[in-house]
Amino acid sequence: MTNYAILEALNNVDDECVKNAKTTTIKTPGKFKTSGLRWGAMVACFCLLLVVSIMAVYQIQNGADPNGPTIPPVTNNTSDSQLSVEQGICVGGKLYMPDTELSEKATKENIGVVVGPVSFDNKTTLDVYAYEYLPNDGKTSRVIVPVKDSFYVYSFYSYMPNDNENWIIDLLSQAAYVEIRDVNYYGTATVYSKISDNELDAIIEFLSLLGEPHTRNENELDQYYFDKFKNQFKEGEIWISEDGGISLGGNQTVINKFDDLVNGESRIIVVVMEDSTYLTYHYFEGAGVIRLEDFGYGYILTEEQIEKINHLIDLI
Amino acid sequence: MDDKSIVELYWQRSEQAITETAAKYEKYCYSIAHSILNNNEDAEESVNDTYNEAWDTIPPHRPSILSTFLGKITRRLSIDKFRHRNAAKRGGGEMPLVLDELQDCIASDKNIEQEYEKKRLSEVVNAFVISLPEIEQKVFLCRYWYMDSIEVICKQFEFSESKVKSMLYRTREKLRDMLVKEGFQ
């Protein structure tokens with residue numbers, strides 16, 4: 001049997017099926033998929049309420065400016081799109097509730113195409129809107145996420161920094177807006193229109209109240225995840241993300257890790273697939289844990305690098 | 001003009017049938033042909049051949065879904081043209097990729113050119129497609145029937161690329177298992 005035979009056999013598929021294939025039912029954003037998630041959302045709401053109350057008391061007691069710092073205006077780099085945060089965002093100790101008008105602007109029409117769900121803690125809660133707002137910087141694909149069950153938002157989708165070592169700094173310096181990310185590696189803060197250090201500190205303070213990992217120091221963050229994972233996995237174990245596995249290429253996948261291949265960075269993973277080769281970053285050095293995520297891939301390797309990887313695979 | 005009226009024009013042997021078909025379905029057929037052939041001229045030729053074949057086959061046929069009827073003709077003609085052209089394996093378009101991916105489902109290259117086996121294969125594949133959950137079915141058909149690119153599918157379903165690839169991979173695995181179970185080696 002040839003693959004042509006299957007192609008030809010498909011020609012006799014039921015007419016209705018063929019016709020219906022082109023009529024898509026778009027999923028409703030933000031619907032809860034599991035009862036666990038629903039409970040999680042309720043707990044999140046409760047925590048939010050609790051923290052807001054604490055902060056209100058704190059502000060009253062300390063005579064803080066009742067207006068709090070203002071969110072800086074969207075820079076020229078950005079589109080008119082604003083953040084759609086359904087339950088507010090805390091900046092500088094003040095909780096900003098969503099602005100209806102601005103939220104309405106953050107629609108598919110003016111942000112971009114929904115490119116897929118993003119998963120926090122292996123639960124699909126959000127929809128990712130890709131859009132472009134940084135002109136001519138070669139890193140145009142960003143996302144903005146209307147949050148449904150928390151005040152977290154997520155940016156940075158296929159951001160591909162030029163410098164591996166300083167990619168977070170690179171991101172922070174160029175991002176038009178840094179947003180807070182849910183529990184995740186590098187889960188500190190992200191920006192929407194560049195926020196000040198004071199504001200970022202306030203976010204970090206806020207996160208600390210929530211018990212979230214919070215640091216601007218990459219090494220500290222690595223340490224956090226080292227601590228988090230070291231007892232969870234065995235040395236050398238490959239942790240495959242639950243949301244989709246590692247079927248990145250759709251074909252049989254070979255995974256290998258290698259050290260010191262790019263810029264001496266040892267926390268780099270190579271995902272080699274039959275049809276392509278990608279790099280991804282999620283190796284927690286010292287923890288012996290490799291985290292592979294289905295939606296993330298970075299650089300396409302050079303021929304030279306691929307050759308080196310193949311050599312490493314041969315050795316294994 | 002509605003499909004029923006267009007089909008009626010074919011039955012009346014009115015050349016207006018071709019005009020109306022082209023007005024309504026040229027883009028649809030062209031998109032299928034172009035996905036397979038990746039060449040404007042060839043795609044246009046396939047679409048024109050589709051009209052001719054529709055003219056030759058209606059009557060006696062009276063298709064219930066005209067779009068799919070035409071699409072199937074376009075698809076078959078385009079695949080034939082592709083084979084005939086025997087483009088370089090990596091010659092571009094979605095066809096080489098689709099063929100590569102379907103290779104996963106094949107246990108060996110032996111056997112089966114006989115009509116009986118083809119028919120049986122069609123039945124098995126059809127049963128397989130019908131058995132798929134709705135979304136998987138649609139994604140699978142978009143890829144392997146319409147030969148849509150992954151990018152196009154992502155946009156249509158608002159899925160990430162990895163999700164689509166992952167879904168297709170699993171579906172191919174299922175198909176492969178079913179084909180093996182049914183004795184297609």
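Just so it is clear, the model here is predicted, and its values are computed rather than measured. Chain A is the first sequence line, chain B the second, and so forth, proteins listed ahead of strands; every chain is numbered from 1.
For B:Leu175, the part lying under 4.5 angstrom from a heavy atom of chain A is the side chain only. At a 4.5 Å heavy-atom cutoff, B:Phe128 makes no contact with chain A through either its backbone or its side chain.
Taken from CG in B:Asn126 to SG in A:Cys17, the straight-line distance is 7.0 Å, to the nearest 0.5 Å. Taken from OG in B:Ser64 to CD in A:Glu16, the straight-line distance is 7.0 Å, to the nearest 0.5 Å. Annotation: the span from B:Arg176 atom CZ to A:Ile6 atom CD1 amounts to 10.5 Å, rounded to 0.5 Å.
With hydrogens and angles disregarded, a donor-acceptor distance shorter than 3.5 Å links the side chain of B:Lys72 to the backbone of A:Val13. For the pair B:Arg75 (side chain) and A:Glu8 (backbone), a donor-acceptor distance under 3.5 Å is absent.
With no hydrogens or angles considered, no side-chain donor-acceptor pair links B:Thr68 and A:Asp15 at under 3.5 Å.
No side-chain heavy atom of B:Trp145 sits under 4.5 Å from any side-chain heavy atom of A:Leu7. In this structure the side chain of A:Asn12 never reaches within 4.5 angstrom of the side chain of B:Lys119, judged on heavy atoms.
Of the listed residues (A:Asp14, A:Leu10, A:Asn11), the greatest number of heavy-atom pairs within a distance under 4.5 Å of chain B belongs to A:Asn11. Ranking B:Leu141, B:Val129, B:Ile73, B:Val124 against chain A, the residue ahead of the rest is B:Leu141, based on heavy-atom pairs under 4.5 Å. Ranked by heavy-atom pairs under 4.5 Å with chain A, the list B:Ile65, B:Leu168, B:Val139 is led by B:Ile65.
Residue B:Ser122 comes nearest to A:Ala9 through the heavy atom pair OG-CA, 3.6 Å, listed as atom of the first residue, atom of the second, then distance. Among all heavy-atom pairs drawn from A:Ala21 and B:Cys142, the shortest one is O-SG, 3.4 Å.
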(message) Assess the residue pair A:Asn20 and B:Gln137 against the criterion (side chain to side chain contact (heavy atoms under 4.5 Å, CB included)); give the C-alpha distance rounded to whole Å, side-chain angles, the decisive distance to 0.1 Å, and a yes or no.
(response) CA-CA 9 Å; A:Asn20 291 339; B:Gln137 182 189 89; 5.5 Å; no
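Shown here is B:Gln12, whose CD atom has more than 12 heavy atoms of other residues, nucleotides or ligands within 6.0 Å.
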